[in-house]
Amino acid sequence: MRSRLYPVFKYTVIALWACFVAGPFFWAMTTSFKNANAVQGGPTYLPWAQYEPTLTGWRNIFGGAGGIDVIDPFINSAIVTIAASAISLALGSLAAYALSRYRFRLGFIKNSDIVFFFVSQRIMPPVVLVIPFFYLLQWGGLLDTIPGLVIVTVALLLPIAVWVMVDFFNGIPREIDEMAMLDGCPPFQTFVRAILPNSLPGLTVAAMFCAVFGWNDFFFAFRLTFTEVQTLPQAVVALNSSIPPWWTLSAAALFGVAPLILLALWVERLLSKGNLSGAVR
């Protein structure tokens with residue numbers, strides 16, 4: 001009896017969780033194709049049967065009347081996210097490799113303490129960091145600029161890259177380093193030619209985390225930019241007023257989350273093929 005009930009219970013929980021996760025997306029999708037009358041008329045979810053679909057919300061997010069143009073904020077978010085993620089991965093991988101393969105000690109401070117220091121940067125509330133970042137960017141003339149936002153985002157993403165890559169490098173056999181050094185590779189060439197090719201799954205996971213956190217950042221972009229630069233989360237939040245245009249807001253939210261969904265699908269497919277089998281010769 002228990003063996004029969006367990007699959008039923010398992011798939012029931014999975015189905016409920018899937019509905020819980022997909023519910024907001026379904027609501028946003030149906031709302032994005034409504035107009036003001038359909039939204040104010042009560043909950044309706046079946047197009048053509050309960051309401052007449054319209055593209056008003058989608059037209060509004062591309063510069064239509066009463067909406068916003070999300071193209072420039074989308075480009076700004078893409079530039080900041082890609083640049084900050086690439087820099088964080090490059091610097092974070094080098095730092096993680098050093099922390100994984102070499103032993104550092106300064107008094108009671110060890111490698112594990114250095115890794116925790118990196119991770120602790122994400123523990124601090126953002127409001128603690130925004131004032132120092134503001135004055136640093138103001139001193140450097142980088143307030144309300146994309147380079148300034150990239151620098152701040154790198155500071156936020158670098159701990160994530162180090163944390164993910166340290167654990168991954170610890171799982172790569174040291175025999176790979178030894179074989180590369182026996183072939184005459186110095187440490188940096190060993191890292192580039194022997195370790196990085198076997199680190200694609202870890203780099204992919206780190207890149208995904210960096211991209212998600214960088215793309216979704218609103219607080220620092222809101223506090224460190226004013227009129228010249230606006231990211232996509234800022235543009236979406238700007239639609240929220242005393243009477244929000246839910247049809248436009250839903251379309252903008254779906255447009256903003258679409259790149260992350262595509263990224264997750266691509267990463268899942270890539271990770272399913274990544275392994276370290278045959279890495280040790």
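Heavy atoms only: backbone and side chains are in, while hydrogens, waters and symmetry mates are out.
Side chains of Leu91 and Leu158 form a contact here, defined as non-hydrogen atoms less than 4.5 Å apart. Residues Thr54 and Arg59 are in side-chain contact: their nearest non-hydrogen atoms beyond the backbone lie under 4.5 Å apart. Contact check for Phe26 versus Thr30: side-chain heavy atoms found under the 4.5 Å cut-off. At a threshold of 4.5 Å between non-hydrogen side-chain atoms, the residues Asp217 and Thr231 do not count as touching. Taking the side chain as every heavy atom from C-beta outward, Gln230 and Asp72 never approach each other to under 4.5 Å. Under the 4.5 Å side-chain criterion, counting only non-hydrogen atoms from C-beta, Ser112 is not in contact with Val115.
Open room surrounds CZ on Phe25; 12 or fewer heavy atoms of other groups in view lie less than 6.0 Å from it. Applying the 6.0 Å contact sphere to CZ of Phe116 captures no more than 12 heavy atoms from other residues, nucleotides or ligands. When the shell of 6.0 Å around CZ of Phe104 is examined, it contains more than 12 heavy atoms from other residues, nucleotides or ligands. Other residues, nucleotides and ligands place more than 12 heavy atoms under 6.0 Å from the CG atom of Leu262. Around the CZ atom of Phe255, the shell of radius 6.0 Å holds more than 12 heavy atoms that belong to other residues, nucleotides or ligands.
In this structure, Arg122 forms a cation-pi arrangement with Phe213, its terminal cationic atom sitting closer than 6.0 Å to the ring centre and no more than 45° off the ring axis.
Between Leu232 and Gly256, the shortest heavy-atom contact is CD2-CA, 3.4 Å. Among all heavy-atom pairs drawn from Arg101 and Pro173, the shortest one is NH2-O, 3.9 Å. Across all their heavy atoms, Ala251 and Ile61 have their closest contact at O-CD1, 3.9 Å. Closest of all the heavy-atom pairs between Val164 and Gly202 is CG1-O, 4.0 Å. Contact record, Ala155 with Pro159: O-CD, 3.3 Å, taken as the closest heavy-atom pair. A pairwise comparison of heavy atoms in Val150 and Val80 identifies CG2-CA, 4.0 Å as the closest pair.
Between Phe209 and Trp163, the ring-plane angle classifies as tilted under the 30° and 60° cut-offs. Ring geometry for Tyr97 against Phe191 counts as tilted: the plane angle lies between 30° and 60°, on a 0 to 90° scale. Between Phe222 and Phe218, the ring planes lie parallel to each other; the angle is under 30°, not in the 30° to 60° tilted range.
A donor atom on one side chain and an acceptor atom on the other are not found under 3.5 Å apart for Ser77 and Trp215. Remark: the Thr56 side chain and the Asn35 side chain contain no N/O donor-acceptor pair separated by less than 3.5 Å. Checking Thr225 against Gln234 by side-chain atom types alone, a donor-acceptor pair falls below 3.5 Å.
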request  = Please report the C-alpha distance between Trp266 and Leu263 in whole Å, then the side-chain angles of each, then the deciding distance to 0.1 Å, and finally whether the side chain to side chain contact (heavy atoms under 4.5 Å, CB included) criterion is met.
outcome  = CA-CA 5 Å; Trp266 177 75; Leu263 175 65; 4.0 Å; yes
ask   = Are Asn60 and Trp247 close enough, and set up right, to give a side chain to side chain contact (heavy atoms under 4.5 Å, CB included), and what steps lead you there?
value = CA-CA 9 Å; Asn60 287 348; Trp247 49 97; 3.8 Å; yes
ask   = Yes or no on side chain to side chain donor-acceptor pair (under 3.5 Å) for Ser32 and Trp58, after CA distance, side-chain angles and deciding distance?
value = CA-CA 7 Å; Ser32 68; Trp58 292 95; 3.2 Å; yes
message = Test side chain to side chain contact (heavy atoms under 4.5 Å, CB included) on Phe220 and Thr153; report intermediate values, then the result.
response = CA-CA 8 Å; Phe220 287 102; Thr153 307; over 6 Å; no
task = Determine, step by step, whether Asn216 and Leu260 satisfy the side chain to side chain contact (heavy atoms under 4.5 Å, CB included) criterion, reporting the C-alpha distance in whole Å, the side-chain angles of both residues, the deciding distance to 0.1 Å, and the verdict.
result = CA-CA 10 Å; Asn216 288 332; Leu260 298 182; 3.5 Å; yes
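In this structure, Tyr11 is not a member of the same hydrophobic cluster as Val21, with clusters built from ILVMFWY side-chain heavy atoms closer than 4.5 Å. Under a hydrophobic clustering in which Ile, Leu, Val, Met, Phe, Trp and Tyr are joined whenever their side-chain heavy atoms come within less than 4.5 Å, directly or via other members, Leu156 and Phe134 fall into the same cluster. One hydrophobic cluster holds both Val130 and Val128 under the rule that ILVMFWY side chains link at heavy-atom gaps under 4.5 Å. In the hydrophobic clustering of ILVMFWY residues, with side-chain heavy atoms under 4.5 Å counting as a link, Leu99 and Tyr102 come out together. Hydrophobic clustering places Leu254 together with Ile71 (ILVMFWY residues linked when any side-chain heavy atoms are closer than 4.5 Å, directly or through intermediates).
Rounding to the nearest 0.5 Å gives a distance of 11.5 Å between CG of Leu89 and OG of Ser199. Residue Met181 holds its CE atom at 10.0 Å from CZ of Arg174, rounded to the nearest 0.5 Å. To the nearest 0.5 Å, atoms CD1 (Ile123) and CZ (Phe117) are separated by 11.5 Å. Atom CD of Gln121 is separated from atom CG of Leu157 by 13.0 Å, given to the nearest 0.5 angstrom. In this structure, OG1 in Thr31 is found 9.0 Å from CH2 in Trp246, a value given to the nearest 0.5 Å. How far CD1 of Ile195 is from CD of Gln189: 13.5 Å, rounded to the nearest 0.5 Å.
Just one residue in the list Leu149, Asp144, Val152 forms a side chain to side chain contact (heavy atoms under 4.5 Å, CB included) with Leu137, and that residue is Val152.
Checking side-chain atoms of Thr145 against main-chain N and O of Leu142 turns up a donor-acceptor pair under 3.5 Å.
Listed by chain and number, the residues in a salt bridge (Lys or Arg N to Asp or Glu O under 4.0 Å) with Arg223 amount to none (sequence neighbours excluded).
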